[in-house]
Amino acid sequence: MKLVIVESPAKAKTINNYLGKDYEVLASFGHVRDLPAKDGSVLPDEDFAMSWEVDAASRKRLSDIGNALKEADELILATDPDREGEAISWHVLDVLRGKKLLKDKPVSRVVFNAITKAAITEAMQHPRQIDEPLVDAYLARRALDYLVGFTLSPVLWRKLPGSRSAGRVQSVALRLVCERESEIERFRPQEYWSVGARLNEKSKSFEARLYSVDGRKTDKLDIASASEAEALKRAIEAGAFSVAAVDRKPTRRNPYPPFTTSSLQQDASSRLGFSPSRTMQIAQRLYEEGVITYMRTDAVQMAPEGIDEARRAIVKTFGSDYLPEKPRIYQTKAKNAQEAHEAIRPTDMFRHPDTLRGDADKHRLYELIWKRTLASQMRSAEIERTTADISVFATSRDIALRAVGSVVTFPGFLALYGVEAGADREDGDEDSRELPPLAVGDRPRLEEALIEQHFTQPPPRYSEASLIKKMEELGIGRPSTYAATMSVLQERNYVRLEKRTLIPEDRGRIVTAFLESFFNRYVEYGFTAQLEEQLDLLSNGKLAWKDVLRQFWTDFSAHVEEIRTFAFPRFWMP
DNA sequence: CAGTGAGCGAGCTTCCGCTTGACTT
């Protein structure tokens, strides 16, 4: 019998089915050990010695694994194919060796990117050993996070009473919220006017907007006062109209890629009103029931089986007109993506949402995943976009208007997964606006000249979901921790959630101001990205992990000492 | 003499990332 170790029990169950009787698959339930949450867990002065501690729950798991190992003649470590996965294998192996349970039994490491029979069978034929440089990169990451957090936090306690914590991830997330708030406070709304006309041709009304005045194209903010707008309105009212040019252009809109953790959290937030943590709780249940693939992922790729099933489901549901000739392949754009899993998708595309039993939230989330997955493989929507240039003549000014309309000539994926209003383009409403059939030389008549006052708007506050999206873009945090980071910022009273937007508390803003002033390097938006570059070199064997840590610690500790002993003026203390 | 209050010292907080139950409500 061969003993296989993976991290999650649901994954263990699936793999057990694929591998059959000669194997026993057990779950480690995540990292089996961690640094104790107290001082001295990493000792820079003792060559960065790290002390590991097995918690009570893991102790039980490890003894189960140990007992199974007694009956087994081989150990196969099959945790995720990324840095943290390699570390889990290393931790498990290190504990088993420490207990002298391994004897002389062979140990190997296998990795697969999708939990499918083909991928696992293939992986089993290519075993390797633990990737030590990758484990080293984990050790450097783990130690650095500990040293930053457990050094900066006490400095904060001392200098800013009431503050609670700082860290590589949470402090940057907090900074994003605070900087956005400052932008909003600095923002001065600017007045501008839109000018246009409601015209009529062949008994059908349509709207045209001001395009140019005296031969110069007008920009959004060009008409800044009521008097200018009214002058233009009078000129339009006095004029006559002629269609000078009509341009019809077919365009297409492509579907979105399948869900990652971050994009699922965003869409569940905007379309269903779920918080990221609620989304993850529901997704976890769907995963445990075997209904969806793993929900903590940064990959947009689907296993070939998934793509194939989606394509067959499209034909069955919509007919072959909705199926593109070739499968769509998506590329991950997120920085720092590890792509240890595939995208989040239904495990069975023929499991229609309406057949899913269970509560309403589960049904709604599954329906969103099902639709997004299916849509991601459907044909593009085809849209005919018409642009009509209309000159205004017989009036005091040289004015041109432009009318834009578009008609969906083939819905494609839009039949299933609509584009959210205002989601990614300002002129989104024009997608559905239809123009009458216009031809050059037509003389539409004026129904009404239109002017309207507007003010520019400040940037919006972040929601939990949009902050996570931003963090993902910066490569900060991981799918397994996005929701947790949102909770930390609130528990520390650094931010509060109001109408699903994040508002920084005074305490959060003071902490951010302090960190920006005295530890700017460590809360820069690119700090994690720079760290990741070093970790890449490390995992390629081009750097030694202790050298990376030593370089970091030399600068960091000297700087901390300087700030820690600096006598702040009394007024600093709140 | 009892109550008050100044002053002192001890103990506590804290990171990120991987994973579920075992808790309570």
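Side chains are part of it too, since the values below use all heavy atoms of this structure and drop only hydrogens, waters and symmetry mates. Keep in mind it's a predicted model, so treat the numbers as computed, not measured. Just so we're on the same page: letters track the sequence lines, and every chain starts at 1.
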Next item on the list: List the protein contact pattern of nucleotides 15-25 of chain B with one symbol per nucleotide (5' to 3'): B for base contact, S for sugar-phosphate-only contact, - for none; contact means a heavy-atom distance under 4.0 Å.
Entry: BBBBBSS----
Checklist line | Side-chain heavy atoms of Thr261(A) within contact of Leu264(A), under 4.5 Å | finding: no
Checklist line | Met50(A) and Leu139(A), any side-chain heavy atoms less than 4.5 Å apart | finding: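 They are in contact (side-chain heavy atoms under 4.5 Å apart), so the answer is yes.
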Next item on the list: Could you tell me whether Arg141(A) sits above the aromatic face of Trp545(A), with NZ or CZ closer than 6.0 angstrom to the six-membered ring centre and within 45 degrees of the axis?
Entry: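 No cation-pi geometry.
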Item checked: Gap between atoms CG and C1', on Leu160(A) and dT13(B) respectively (whole Å) ->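 For the pair Leu160(A) CG and dT13(B) C1', the rounded distance is 14 Å.
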Notebook entry, point to check: Quick one: side-chain hydrogen bond (donor to acceptor under 3.5 Å, both in side chains) partners of Arg351(A), sequence neighbours excluded?
Noted result: none
Next item on the list: Just jot down the side chain to side chain contact (heavy atoms under 4.5 Å, CB included) partners of Lys103(A), sequence neighbours excluded, or say none.
Entry: none
Note to self: If the condition is side chain to side chain contact (heavy atoms under 4.5 Å, CB included), which residues does Ser51(A) pass it with, not counting sequence neighbours?
What the structure shows: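 Ser51(A) satisfies side chain to side chain contact (heavy atoms under 4.5 Å, CB included) with Pro36(A), Ser41(A) once adjacent residues are dropped.
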Margin query: Taking salt bridge (charged side-chain N to carboxylate O under 4.0 Å, His left out) as the definition, give me every residue that meets it alongside Asp73(A), ordered by chain and number, with sequence neighbours left out.
Written below: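 Not a single residue meets the salt bridge (charged side-chain N to carboxylate O under 4.0 Å, His left out) criterion with Asp73(A).
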Note to self: Would you say that more than 12 heavy atoms from the other residues, nucleotides or ligands in this model lie under 6.0 Å from the CD of Glu183(A), or not?
What the structure shows: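 Counting neighbours around CD of Glu183(A), more than 12 heavy atoms of other residues, nucleotides or ligands fall under 6.0 Å, so yes.
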Next item on the list: Could you give me the stems involving DNA chain B, meaning stretches of three or more consecutive Watson-Crick or G-U wobble pairs whose two defining distances are both below 3.5 Å?
Entry: none
